[in-house]
Amino acid sequence: MGDATMSKPVPVRHLHVGPEFHAEQHIHPEPTSFLSRYVFSKDHKVIAKQFLWYGLFFLVMGGVMAMMIRWQIAFPGTAFPVLGQLLWPQSGGVMPPQSYAAFFTMHGTLMIFFAITPILIGAFGNLLIPLMIGARDMAFPTLNLMSFWTNVLAGLCMIVSFFVPMGPAAGGWQSYPTLSTLVGSPGHGQTLWILGIFLTGSASIMGAVNYITTVVRLRAPGMGYFQMPLSVWGIWLTAILNALFVPVLAAGVLLLFLDRVFGSHFFLAGASITKGGGDPVLYQHLFWIFGHPEVYILILPAWGIVSDLLSFFSRKPAFGYKATALSMSVITLLSMVVYGHHMFVVGMSPLLSQGFMTLTMLISIPSAVFFLNWLGTMWRGSIRFATPMLFSLGVVFVFGLGGLTGLHLGAISSDIYLHDSYFVIGHFHLTMAASVLLGAFAAIYFWFPKMFGKMMNETLGKWHFWLTIIPITIVFCGMLVVGYAGMQRRLYNYEAYEFLKHLHPINVWITRAALLLGASQFLFVGNFLSSLISGKKAAENPWEVGTLEWTIPSPPPHHNYDEIPVVLHGPHEFNNPAVTGKDWLAQDEPIGDEPVALGAVGN
Amino acid sequence: MHQWPFSWLTTVDVSRDGWRAEALFWYTTLLCVIAFALVTFALVYSSWKYRARPGVKALYTHGTDRKSFAVTGILAALVFVTIDMNLVRVSQADVKEYTYNWPVSPDTVRIEVMPQQWAWNIRYAGPDGVFNTADDVVTLNEMRVPVGRPVMLNLKAKDVIHSFYIPNFRLKQDANPGYVTRTWFQALQPGNFEIACSQMCGWAHYKMKGDLIVEPEADFERWMKEAEGDAKRRFDPADREQLWGWEWVQ
Amino acid sequence: MAVTRFPVPEESRRTSFVGMVMALASWTMLFVALFFAYAVLRLRASAWPPDGLAPLPKALPALNTLVLLGSSILLHFGSRPEAEAKRGALRRALLGTLALGSLFLALQLAVWVPLWRSGFRIDTGTYGSIFYGLTVFHALHVLAGLVALAVLLPGAFSGTYTSGRASAVRLSAMFWHFVDAVWVVMFVAVYLV
Ligand code: HEM
Ligand SMILES: [Cu+2]
Ligand SMILES: [Cu+2]
């Protein structure tokens with residue numbers, strides 16, 4: 001395999017150049033006031049940092065809530081150390097069932113919309129798109145600023161909801177009616193939740209419009225779609241899904257809002273208590289039409305990043321680059337037509353259920369393709385096990401577990417048993433929590449030098465990796481086990497059921513692993529903060545890779561590129577035999593004294 | 001009866017059709033374990049074999065030659081045909097033979113279930129075979145069924161969505177406010193089993209428990225006779241809370 | 001290497017066009033989802049309008065459809081690059097559109113108020129929910145469109161847009177046409193069928 005390419009170096013200068021030549025990208029003078037520089041900045045790099053801090057804040061919050069949830073499961077009736085006494089002094093520090101419901105609801109909501117989304121899409125989307133395609137900023141810097149601050153408003157809604165009477169939303173992160181209508185959730189918490197979701201959705205759409213346009217319009221000359229790093233591919237596809245499907249969620253929560261506040265009957269129906277001919281299941285359709293694409297919204301950036309990092313650290317071009325980009329696109333398309341697999345026990349028509357099952361299974365094909373390509377990238381490489389690479393391998397590992405357990409849930413007859421059990425919790429945490437989180441860590445370790453101009457500590461990074469991957473696997477695989485044993489999700493005290501009592505030891509071990517997982521994140525926090533203050537100064541290109549962001553100083557100047565680069569090669573030209581003296585080649589770097597073929601630029 | 005791996009983990013399966021979920025689960029698990037073992041092996045093996053060593057260069061290939069294409073394509077197709085299509089095939093059969101194959105035999109026990117926050121209202125039609133009439137047998141959190149006869153349920157929730165879950169039967173069905181959903185099962189052995197709610201339905205969701213009592217046919221009939229006698233005596237048309245039930249949906 | 005191949009404004013005009021197309025695609029999905037909700041509720045209902053409820057008025061909304069279509073045509077011709085360059089044409093188109101848009105809102109009120117007074121409210125079953133939910137939500141978009149167009153007025157009067165290539169004019173017009181198109185679908189779906 002590949003011998004043909006060995007003997008005949010690929011001609012690298014034939015790259016297609018689009019018609020758009022970005023004369024519009026002026027160099028704007030750097031803002032000078034504190035406010036316009038650090039708070040209401042329009043610089044994508046600053047907004048990326050804002051999103052990073054914002055996301056990390058909610059990651060900590062959501063993480064602590066997860067620990068408390070697990071504590072309650074394993075050690076019911078005992079107080080969570082320190083925080084328990086502060087939060088629930090009246091019950092001696094023990095979490096009451098109402099708070100438990102509120103906590104898993106807000107844990108899910110905060111993690112998805114306020115931690116993972118801001119970090120991977122907000123921070124890395126913003127950082128990477130302009131840098132990697134050779135642009136000076138996003139297409140719409142003001143929209144970018146608005147997107148962040150709208151998100152902050154949304155986050156405020158969520159935080160405020162903790163302090164209103166009767167507490168925050170407590171009907172699960174999906175907030176199914178009629179539980180989420182006034183029938184099941186009086187109080188303002190649920191209304192604030194709707195507001196927060198609507199706002200963060202709007203912010204996501206603003207971001208998405210910006211990202212898509214930036215990729216379409218501002219690619220540097222020579223940067224065709226198939227010269228873009230796979231990270232950009234992932235983020236771009238995510239932006240497309242965001243633009244098209246977040247509005248569907250917005251419609252769903254809008255109707256829910258009308259039901260709660262104006263007394264309409266969209267979702268209200270009932271045998272006797274509630275009147276009205278509405279349809280609570282309609283909300284589930286709307287929710288999952290959005291919800292299934294949402295899991296890809298979360299994972300696609302991580303896939304793209306991992307695809308790049310595997311190539312970077314294997315010192316080898318990404319294997320089957322185009323096939324990977326295309327399979328990600330195919331998955332994006334498929335993700336629009338499979339949502340019904342979340343509703344097999346709702347009472348949907350048998351025909352629909354079976355159709356959704358078959359469509360769901362189709363996802364295996366593109367998934368298999370890029371898994372094989374990932375393995376193909378490592379094959380006969382020369383692998384450097386730096387921290388970002390370890391985390392990337394971790395993503396492949398946990399996503400493998402998560403993806404495969406999706407098969408159990410995609411087939412109707414096993415899903416009927418597993419639906420709404422801890423098996424589902426294990427599955428989706430492996431796919432969209434563990435793997436996305438590991439992907440986020442990989443990205444942070446890798447681009448920290450570019451963002452902050454400092455290196456992170458490798459030794460601490462490696463400890464962090466092992467003390468994360470081991471407990472995270474135990475936690476979520478443990479959840480698969482108790483799920484198979486029949487344990488439902490969202491149980492304040494599973495020992496209320498006889499048939500679950502024997503699961504106690506397993507649940508205790510899951511919680512212990514979760515606490516270890518939580519504790520080992522201090523390694524990351526410590527590393528992050530100390531590197532920020534006193535890390536080794538980062539060179540321009542510490543990882544020796546060829547994508548454009550590594551051709552400019554770390555951190556990059558306000559306008560990124562003094563001159564817009566002309567792209568000559570793909571993003572992964574490692575060990576190109578025509579290059580001597582080093583094993584990588586920058587995307588805009590001529591080989592030898594080969595002339596830059598500007599004549600080729602044009603229509 | 002079937003024997004599944006790790007049976008100590010799960011509840012005893014006492015149903016006629018629960019084996020389907022188990023069989024598919026373990027079949028899928030087997031295929032997944034094989035696939036995952038291969039991936040992990042490849043991951044670990046290439047991590048070790050191709051670790052950076054001085055003097056060894058990585059191969060320069062984009063994996064775009066025909067051979068790589070063919071290998072990837074064939075492997076992906078293989079995964080789809082051997083794993084996915086198989087699961088779909090098995091599951092389609094289950095669905096056809098059991099899930100949506102509603103029992104029609106005259107000895108079917110018909111029960112209406114109306115969960116509410118946080119209890120199970122259960123209703124048998126009584127001698128007249130019509131629901132929501134004076135002779136209905138109504139119970140709270142207790143469902144009695146005979147061994148060996150098909151039991152069909154009509155479910156409709158009173159307030160919020162609940163889900164009727166009987167682990168020993170590997171069965172689960174949502175109950176929605178507003179319209180009727182159906183499910184059915186058949187017990188193979190007597191005993192007392194738990195009914196659980198598996199859809200978040202408010203803060204006390206975790207203790208929304210019911211009892212499923214499976215008895216020999218004769219015991220069941222005796223209980224039913226007694227309950228029908230009681231029912232007429234206890235019926236009170238003024239108690240509006242008791243007036244629920246709907247036309248049977250087959 | 002900074003080769004200038006287009007005049008700069010043309011470049012950024014195209015970029016904002018692409019952005020607006022994406023934004024409108026997103027907005028379209030919002031309304032598609034709302035119409036989907038309508039379809040589901042309607043298919044579940046045994047009768048539509050439910051027994052005892054009078055059908056909605058048709059004449060005023062039909063007139064209103066013409067009003068909005070007229071405004072779109074006016075704006076379209078007034079905001080074409082050739083016309084935009086002539087101050088007068090753009091000014092007339094903007095003023096005309098603002099007038100017709102406001103007329104639309106007034107006529108909508110004339111539809112809503114008697115219905116509301118007659119006891120047909122947002123909580124009158126799913127029928128009321130759909131009717132008020134969809135039409136009021138759309139009217140809010142009309143209002144937003146009016147604001148977007150009104151913001152252009154000072155510039156139109158002072159002659160800021162005489163280049164004939166101003167993004168602001170083009171984007172606001174796109175939004176206005178979008179809101180009109182949604183109305184046509186809504187008119188057919190809510191009042192006619
Ligand atoms: C890494 C540490 C994490 C741990 C230990 C953890 C643990 C948990 C636990 C125990 C539950 C409650 C299960 C139940 O009783 O129903 C839960 C729910 C959930 N988690 Fe996590 N989680 C973690 C990270 C994440 C992340 C990063 C995400 C975001 C992608 C996430 C998303 C969710 C969601 C959506 C739910 C469902 C909430 C609901 O039932 O409404 N989790 N998690
Ligand atoms: Cu899904
Ligand atoms: Cu319940």
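Only heavy atoms go into these numbers, but all of them, side chains included; no hydrogens, no water, no symmetry mates. In what follows, chains carry the letters A, B, and so on, assigned in the order in which the sequence lines appear, proteins first and then strands, with residues in each chain numbered from 1.
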Which atom pair, heavy atoms only, marks the closest approach of A:Val346 to B:Asn176?
O-ND2, 3.1 Å
Give the member of A:Ala368, A:Gly347, A:Ala496 that has the highest number of heavy-atom pairs under 4.5 Å with chain B.
A:Ala496
Go through the side-chain N and O atoms of A:His419 and B:Gln173 and say whether any donor and acceptor fall under 3.5 Å apart.
no
ring-ring contact (aromatic ring centres under 6.0 Å, His included), that's the test. Do A:Phe423 and B:Phe25 meet it? Break it down for me.
CA-CA 12 Å; A:Phe423 193 88; B:Phe25 179 91; 5.7 Å; yes
Check each atom of A:Leu407 against the heavy atoms of chain B and say whether the ones under 4.5 Å are side chain, backbone, both or neither.
both
Heavy-atom side-chain proximity of A:Arg490 to B:Gln199 below 4.5 angstrom
yes
Does a donor on one side chain sit under 3.5 Å from an acceptor on the other, for A:His408 and B:Thr29?
yes
Do B:Val160 and A:Tyr176 come close enough that some side-chain heavy atom pair is under 4.5 Å?
no
Need one label for A:Pro177: side chain, backbone, both or neither, based on atoms under 4.5 Å from any heavy atom in chain B.
backbone
After noting the C-alpha distance and the side-chain angles of B:Tyr165 and A:Tyr497, does the key distance pass the ring-ring contact (aromatic ring centres under 6.0 Å, His included) rule?
CA-CA 12 Å; B:Tyr165 170 41; A:Tyr497 290 101; 8.2 Å; no
Closest heavy-atom contact between B:Ser47 and A:Ile383?
CA-CD1, 4.1 Å
Beyond-backbone contact of A:Lys322 with B:Thr64, side-chain heavy atoms, under 4.5 angstrom
no
Most contact-rich option vs chain B, by heavy-atom pairs under 4.5 angstrom, among A:His572, A:Arg384, A:Arg315, A:His502, is A:His502
Can you tell me which of A:Leu491, A:Asp420, A:Leu393 forms the most heavy-atom pairs within a distance under 4.5 Å of chain B?
A:Asp420
Kindly state whether the ring of B:Trp26 and the ring of A:Tyr484 have centres lying under 6.0 angstrom apart.
yes
Please identify, among A:Leu362, A:Leu503, A:Thr358, the residue contributing the most non-hydrogen atom pairs under 4.5 Å to chain B.
A:Leu362
In terms of heavy-atom proximity below 4.5 Å to chain A, should B:Leu78 be classed as side chain, backbone, both, or neither?
neither
Between chain A and each of B:Arg51, B:Lys207, B:Arg20, B:Lys49, count heavy-atom pairs under 4.5 Å; write down the option with the most.
B:Arg51
Given the side-chain rings of B:Phe36 and A:Phe397, with only the six-membered ring counted for Trp, is the space between their centroids under 6.0 Å?
yes
